[in-house]
2 protein chains.
Amino acid sequence: MSVQERKERERAGRERLIVETARELAEQQGWDAVTTRRLAERIEYSQPVLYSHFRGKREIIGAVALEGATALARALRAATADADGPSARVATLAHAYLDFAERHPAVYDAMFQLDGGLAFAHEDTPEPLKDGFAALLETLSEVAGEGVDPGLFTEVFWAALHGMATLTRAGRLPPTEAERRLELLVNRLAVV
Amino acid sequence: MSVQERKERERAGRERLIVETARELAEQQGWDAVTTRRLAERIEYSQPVLYSHFRGKREIIGAVALEGATALARALRAATADADGPSARVATLAHAYLDFAERHPAVYDAMFQLDGGLAFAHEDTPEPLKDGFAALLETLSEVAGEGVDPGLFTEVFWAALHGMATLTRAGRLPPTEAERRLELLVNRLAVV
DNA sequence: GATTCGACCCTAGCACCGCTAGACAACCGA
DNA sequence: TCGGTTGTCTAGCGGTGCTAGGGTCGAATC
């Protein structure tokens, strides 16, 4: 059985290589540059190899998105860990979220802008996505306020962050006032 | 000069036809279905004709976006016109915005999701886009609150609406609770 | 009214895209 | 050593956005 195990190991390694390479290429040159031909060339295999791991380009994007969701959740928890008090935690959380979107635009796009064929808000939502939402929920449920469903509050807060992230990056909002916008959002939405 | 004028009229008419057809096609079958070939076939001209009006597909999307911005501004103003009091106006505005995004997803995408090659938040921002923002500003500046820049407040409110619109349509937020989310957002953000 | 000329549009084709069929080679188990 | 499976590659399909170049038709001129 050792032979088969080795093959599976190699396969898994190559799959990670594909996803990692796709992410790198997207971060360097944008998702438009991530074509199956270029991706295949970078991993030093032919195109059809990609299709033995993923159904198509969409699934590759989805894999990057899942990886990104895990990273986002980790970043959010790391940021809020050493903040004292609910108020500071929320502000830090919001900062960390927008930071992530700004620093990893390609990954953020894979998660929320592009079609990665992922299910959301269903029972069959992949675990990393649920965990990303959970990371938001942990901090935000502290400041949802009386009689307000923490889940609902998190959704609203998240939507606002997402809107700011995307509109800013698309050049729809001037980046200069990002700090003040964030402050206003947190002050108004969070009940401390 | 009459000949030349007639030609210009015909040209302008054909340009409107292109934009209108692109929008219809996008609304019917999504933007993926809007290819230069299909578009050319629908307007009963050959592909290169498109390029005598627009630099490329991106500019056609941009034209749909501009048309959409005008329509959105009109919709927002019409909705808020017969609402009594700042509070009701804000709620109505928010409803109208999300309604527009839901009823005209293709146009909304052209404006805010796709690359239409349009400038935003600059001096050279096209007039319809500025007017769309102005339509939001008119109602929202009433509820910005003391010492808060109305423009900044509008940006934050808009971002939240945009986030809710896109996340809902992308299946990231369950549409069932949209009403309650909107209520929460308005109650928290607007100062009455 | 004939002729010249220029504006306009179409055919054909470029390079690239995502994806796949089928040939071929390499490796495993007997 | 050999048969068969497994895996990879070459080649190509239909599609994309976009463009070069030829041909046609109508307008302006003689």
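Just so you know, these numbers come straight off a predicted model, no measurement behind them.
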- Task: Verify whether the ring centers belonging to A:Phe100 and A:His104 lie closer than 6.0 Å.
- Result: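 A:Phe100 vs A:His104: aromatic centres under 6.0 Å.
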4.5 Å side-chain heavy-atom contact, [X] and [Y]:
| X | Y | result |
| --- | --- | --- |
| A:Arg181 | A:Leu98 | no |
| B:Asp149 | A:Leu184 | no |
| A:Arg14 | A:Glu10 | no |
| B:Val107 | B:Leu72 | no |

Whole-Å distance between [N] [atom2] and [X] [atom1]?
| X | N | atom1 | atom2 | result |
| --- | --- | --- | --- | --- |
| A:Glu10 | D:dT8 | CD | P | 9 Å |
| B:Glu41 | D:dG15 | CD | C1' | 14 Å |
| B:Ile18 | D:dG17 | CD1 | C1' | 15 Å |
| A:Tyr45 | D:dC9 | OH | C1' | 12 Å |

**Asked** Is the distance from OP1 or OP2 of D:dT8 to the nearest side-chain N or O of A:Arg14 less than 4.0 Å?
**Response**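 Affirmative; the distance criterion is met.
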message = Tell me whether A:Glu41 at atom CD has more than 12 heavy atoms from other residues, nucleotides or ligands lying less than 6.0 Å away.
response =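 No, CD of A:Glu41 has 12 or fewer neighbouring heavy atoms, counting only those of other groups under 6.0 Å.
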Can you list, by residue number, the residues of residues 25-36 of chain A that have a non-hydrogen atom closer than 4.0 angstrom to DNA chain D?
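Hits under 4.0 Å, by residue number: none.
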Within residues 47-66 of chain B: residues closer than 4.0 Å to DNA chain D (heavy atoms):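 DNA chain D contact set from residues 47-66 of chain B: B:Gln47, B:Pro48, B:Tyr51, B:Gly56, B:Lys57.
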With a 3.5 Å cut-off and heavy atoms only, can you find an N or O donor on one side and an acceptor on the other between the side chain of A:Arg37 and the base of C:dG18?
yes
Given the options B:Leu25, B:Ile60, B:Ile61, B:Val34 meets side-chain contact (heavy atoms from CB on, under 4.5 Å) only with B:Leu25
Please work out if B:Arg38 contacts a base, only the sugar-phosphate, or nothing of the nucleic acid, heavy-atom cut-off 4.0 Å.
sugar-phosphate
Closest non-hydrogen contact found for A:Ala144 with A:Val191 is O-CG2, 4.3 Å
